[in-house]
Every structure is written in structure tokens, then in C-alpha cells.
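The block underneath contains the structure these notes are about, expressed in C-alpha cells.
Source: prediction; values computed, not measured. Any value given below was found using the heavy atoms of this structure, including those in side chains, with hydrogens, waters and symmetry copies removed.
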Amino acid sequence: MPNLLEQLRKITKIVIDTGDIDSIKKFSPLDATTNPSLILQASENPEYKHLVDDAVKYAQHHGKTLEEHRTALIEKLFVNFGSEILKIVPGRVSTEVDARLSFDIEGSIKKAKAFIALYEKEGISRDRILIKLASTWEGAMAAKTLEKEGIHCNMTLLFSLAQAIICAEAGATLISPFVGRILDWYKKQKGVESIDPKEDPGVLSVTQIYQYFKKFGYKTEIMGASFRNSGEIIELAGCDLLTISPKLLDELSSKQEALTRKLDPAKAKQANIEKMHLDEKGFRLMLNENAMATEKLAEGIRVFTADTVKLEEKLLQKVGHKL
């Protein structure tokens, strides 16, 4: 019998969630996703010192002020990692916009275009890049503009149907609804150690979004993300894409058991649900009514911001600045 990972590949596109290039080589995924936390972790690996040193050298020649060096460093480092990853994966890499721009439409658009320009200087076409934006109202509006210009977006920090709807209405290429972080919130709320994957609130959230998108014919792809255990992944078998950590990919490849498809577009089309139309006011109210999504979105922005600042701090010292 094929292992679980081999079976999963037949019904779901497998993406790896890491900045570790050796792990990407090991699992041969279609695409790869990164974020500031993963890049921070990978940048501390001596094996990738040349990518960091190149970003430092680039920053030294692109800018005179602290802010200019900060911007050049992070943009070049993210693109360096993305470019290395694209030498391995046949598909796309996701590169994340600074979380501090989560409520800044124009700032997000400018940052996305800066990433694309750097990739194109490396000879990498924009169709191989997904720009990751926070699933705020402003993030969705930035995605709407970028998609019209042929810059594809991956909407991250997504914890609710309200966020999913505005991203799909904006025409985003892909959304990354989080699973594990939703589970974390409910475990803490209920004071329990674990929740069965079949009842996992993160799994149920992605299932709800999947049914809604397939029922109403949205082209935006759904990529489940942020998994805490392989049971969550198994319950989402059939999702368009799943981005999975190397640890859980290892676990799936070591298990020999039958895999059942859980998400099916034909079945989703039969779901008894009504279409919602959300303007900005409606979205903000619907999100506000969801305590988990409101808290996890805010927390996610803070965490990614903190890790970006740590990365800046570390690299600016190499350039000669100290924060």
C-alpha cells in the first residue's frame, strides 16, 4: 500500500511550509511557502550564510539611511531565499509582505511590486511568485489591485469565512486558511489537551470555506495551512492544496494506511448554504463577531512583525547599524 503522503498527492497539491532548502529537496513539493518566522529560523543556519551575506552586501549599496537599509535588507533576503527555493520546486514560492503593512493598501502594493521587481532582476517571472498578504480588508483591496496587474496573491492569516469571502471577491489567486492556530485558541478556551481531528474547529473552518467556494464557483484556490498534527491533514484530504511542515510530511510518509477523500467539489456544490455579499462595514462586523478570528488575526500580525524586527535587528548590525 502507498503511504499516506503518496495517496494524498493524488488528490491534493502538496506544498512545503519551510525556509529550509534541504527539506524542500527531500520532499519534492509542487510549491513552497515562507513567512518571516521561517526565514528568521533559516537565516540562523550557517548553510544559508551566503544568502544572508548577499542581502547585506546589496543593502550596503542600496540606501544611506537606516530605513533604506532596513527595507533593502529584508526585501533582498526574502527574494534570495525565494530564488533558491525556485531552483528546486517546479511551481511557485510565496513571499510575504511586511506584517506592519497589514492595514496599508498602498504600502502593501508598493512592497509587492518591489518583490516582483527583484525577482524579475533574477530572471524569475511573476507567474512563479505568490505575494502573501494578511487577510484584512486592506490586504484584500491590495490583492484586488495587484491581481489586475498580473501579480498573484496568497492571502494569509485567514481564520474565518468572512475573510475568505472578501479575498475571493477581490480575485485573489489563493487563500491560506489556518488550521492549527484555530485549534490552539479553542483548546485554550475549553481548557482541554486535545480535540479529535474530526471535530477540530480548524478543520471545520477550512471545510466550511471549501464548501462555500465550490458551491458558488470561486476560482480562488484553498490551501489549508498551519497544521498541528497529521490528523488535521487527513481530515482535509481533497483540499485544493495543503502546505505542510517537513516534520508532518515525514510523519505522513511513514504511515501505511488507507486515505479517504474528505473534501469533494461535487459534494460541496450540493451544500445547503446561501451566498453572502460583504461590503467593508459588513465584513468588519462579521469578523468582529468571531472572537477567535479577531484575536488570532491580531496575534498573527504581531508575531510576524516581531520576527521581522528580530531579523532586521540581526542584519542591520552586519550592515553597521544598530537599532
Are Glu193 and Lys187 ion-paired here, with the side-chain N under 4.0 Å from a carboxylate O? no

Under a 3.5 Å threshold, yes or no: a donor from one side chain and an acceptor from the other, between Tyr48 and Asp20? yes

Aromatic ring pairing Tyr212/Tyr218, orientation class (parallel under 30°, perpendicular over 60°, tilted between): parallel

Are any of the side-chain nitrogens in Asp250 or Lys26 under 4.0 Å away from the carboxylate oxygens of its partner? yes

Candidate list His62, Glu312, Lys111, test side chain to side chain contact (heavy atoms under 4.5 Å, CB included), partner Thr71, passing option: Lys111

Is Lys76 paired with Asp54 through a side-chain N to carboxylate O contact shorter than 4.0 Å? yes

When you check the gap from the basic side-chain N to the acidic O, do Lys247 and Asp17 get nearer than 4.0 Å? no

Any Lys/Arg nitrogen of Arg284 or Glu280 sitting under 4.0 Å from an Asp/Glu carboxylate oxygen of the other? yes

Please confirm whether the backbone N or O of Gly139 pairs with a side-chain atom of Ser108, one donor and one acceptor, at under 3.5 Å? no

I'd like to know if the side chain of Ser125 pairs up with that of Tyr119 as donor and acceptor (distance under 3.5 Å, no hydrogens or angles considered). no

Name of the residue among Leu101, Leu146, Thr156 meeting side chain to side chain contact (heavy atoms under 4.5 Å, CB included) with Leu133: Leu146

Between Arg128 and Glu120, does any side-chain N to carboxylate O distance fall below 4.0 Å? no

Anything under 30° is parallel, anything over 60° is perpendicular, the rest tilted; go ahead and classify Phe78 against Phe115. parallel

Any Lys/Arg nitrogen of Glu299 or Lys296 sitting under 4.0 Å from an Asp/Glu carboxylate oxygen of the other? yes

Could you check whether Glu75 pairs with Lys113 (Lys NZ or Arg NE/NH1/NH2 to Asp/Glu carboxylate O, under 4.0 Å)? no

For a quick check under 3.5 Å, do Ser37 and Asp307 share a side-chain donor-acceptor pair by atom type? yes

Inspect the contact between Lys13 and Glu221 and indicate whether a charged nitrogen and a carboxylate oxygen are less than 4.0 angstrom apart. yes

Salt bridge or not between Lys281 and Asp279? Use side-chain N to carboxylate O under 4.0 Å. no

We want to know whether Ser160 and Gln163 form a side-chain donor-acceptor pair, criterion being a heavy-atom distance below 3.5 angstrom. yes

Would you call Arg228 and Glu232 a salt bridge, taking side-chain N to carboxylate O under 4.0 Å as the test? no

Point-to-point distance, once rounded to the nearest 0.5 Å, from CG of Leu40 to NZ of Lys310: 6.5 Å

